[in-house]
Protein chains: 2
Amino acid sequence: MALRKRPPPRQTSAPMIQLGILNRRLGYFARRLQVWIFQDFIRRLASVDLSPAQFSVLVVIGANAGLSQAELSATLGIERARLVRMLHRLERRGLTQRLPSSADARRHALRLTREGGRLLARAKRLSDEHEAGLIERFGSKRYRILIEALREF
Amino acid sequence: MALRKRPPPRQTSAPMIQLGILNRRLGYFARRLQVWIFQDFIRRLASVDLSPAQFSVLVVIGANAGLSQAELSATLGIERARLVRMLHRLERRGLTQRLPSSADARRHALRLTREGGRLLARAKRLSDEHEAGLIERFGSKRYRILIEALREF
DNA sequence: TATTGTTATACTCTATAACTATA
DNA sequence: TATAGTTATAGAGTATAACAATA
């Protein structure tokens, strides 16, 4: 159920490799799609040096200033423990801040720095181009069907 | 662009966490789908103790007896280096074999052992149930649209 | 008692580079 | 020279458990 990066070599002399039952496994194709998209995303956002996960963290902080790490963790499905390291990095890069929460001393209120906001704006523009590439590749009709089916899931 | 395991808590008192632009990113939803499917797959195949990647390796070897590690690697997008370890494990479990290739002394001809074939048969049955669960969850019409769109990709 | 952020550990996966033996 | 399989390493991601501070 792992990924096939490229179609297998279809040389006339070499025997074609069969996928067998994987051809009827949605998980196999979902994985292929996800890896392909992430690779494209990483390439397109190379100039801002953000991974898909880092991008998602900045987007959610940007859209929910003051949220806690636990909320961010639950929203994106990133382990609380893992978030700590990620936020350290983003903070070292001057993109995010952890401020004391006024209501609850255990919490941190997360927000973007001004520089974080600026970088995120650039990243969003690049991710728009990435998405436009996907739309073109799928065809806009199939793209819409796909994203709507997955969104409801 | 990471995963949200469950919808965020929609308590009336707590502010709803917004996904922002992630709502318009196919990669975000593709990742969610893939992780969800893999988690279900792992749960369903717990009794045969096969990961999605191990399952895919057994399926492709089963459908292409005698193929080489390089061919398997290219088909599934698993690094040649990584395959070595995976095949060691499967071999230690008595599921696969690496036989000398008659034509080319550099190659190994991969095949399932009888036990590997039996385990794969059981695993395929479990994966059928997993797939049936997906079809039910999506609805068979939407499932078909999805898998056909992804297969063509 | 439960939750938040944190540290630590072990395992998996990915990405490389380099080595050997063969072609 | 190039290819197949292998070894080794570093980085990222995942899954846990445990801890201190706070609720």
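A note on names: the letters A, B, ... follow the listed sequences, proteins ahead of strands, and every chain is numbered from 1.
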Requested in this report: Please check the phosphate of C:dT6 (OP1 and OP2 only) for any side-chain N or O of A:R98 closer than 4.0 Å.
Outcome: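 For C:dT6, OP1 or OP2 has a side-chain N or O of A:R98 closer than 4.0 Å.
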Query raised in the report: So with a 6.0 Å cut-off around CZ of B:R24, is the heavy-atom count from everything else above 12?
Result: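 Check fails, neighbour count at 12 or below.
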Would you kindly give the [atom1]-to-[atom2] distance between [X] and [N], to the nearest whole Å?
{"X": "A:L99", "N": "C:dG5", "atom1": "CG", "atom2": "P", "answer": "13 Å"}
{"X": "B:F38", "N": "D:dA15", "atom1": "CZ", "atom2": "C1'", "answer": "17 Å"}
{"X": "A:M86", "N": "C:dT7", "atom1": "CE", "atom2": "P", "answer": "16 Å"}
{"X": "A:R85", "N": "C:dG5", "atom1": "CZ", "atom2": "C1'", "answer": "15 Å"}
{"X": "B:E79", "N": "D:dG5", "atom1": "CD", "atom2": "P", "answer": "14 Å"}
{"X": "A:Q54", "N": "D:dA12", "atom1": "CD", "atom2": "C1'", "answer": "11 Å"}

Query - Touch class at under 4.0 angstrom, heavy-atom based, for A:R107 against every strand present - result: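 Since only primed, P, OP1 and OP2 atoms lie under 4.0 Å of A:R107, the category is sugar-phosphate.
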Query raised in the report: On a plain distance test, is the side chain of A:R106 in donor-acceptor contact with the base of C:dT3 below 3.5 Å?
Result: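 A donor-acceptor contact between them is present.
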Requested in this report: Hey, which sits more toward the 5' end of DNA chain C by its nearest nucleotide, B:D104 or A:L67?
Outcome: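 Looking at the nearest nucleotide for each, A:L67 comes out on the 5' side.
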Report task. Nearest-nucleotide wise, let me know which of A:R89 and A:A103 is further upstream toward the 5' end of DNA chain D. Result ->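 Counting from the 5' end, the first nearest nucleotide belongs to A:R89.
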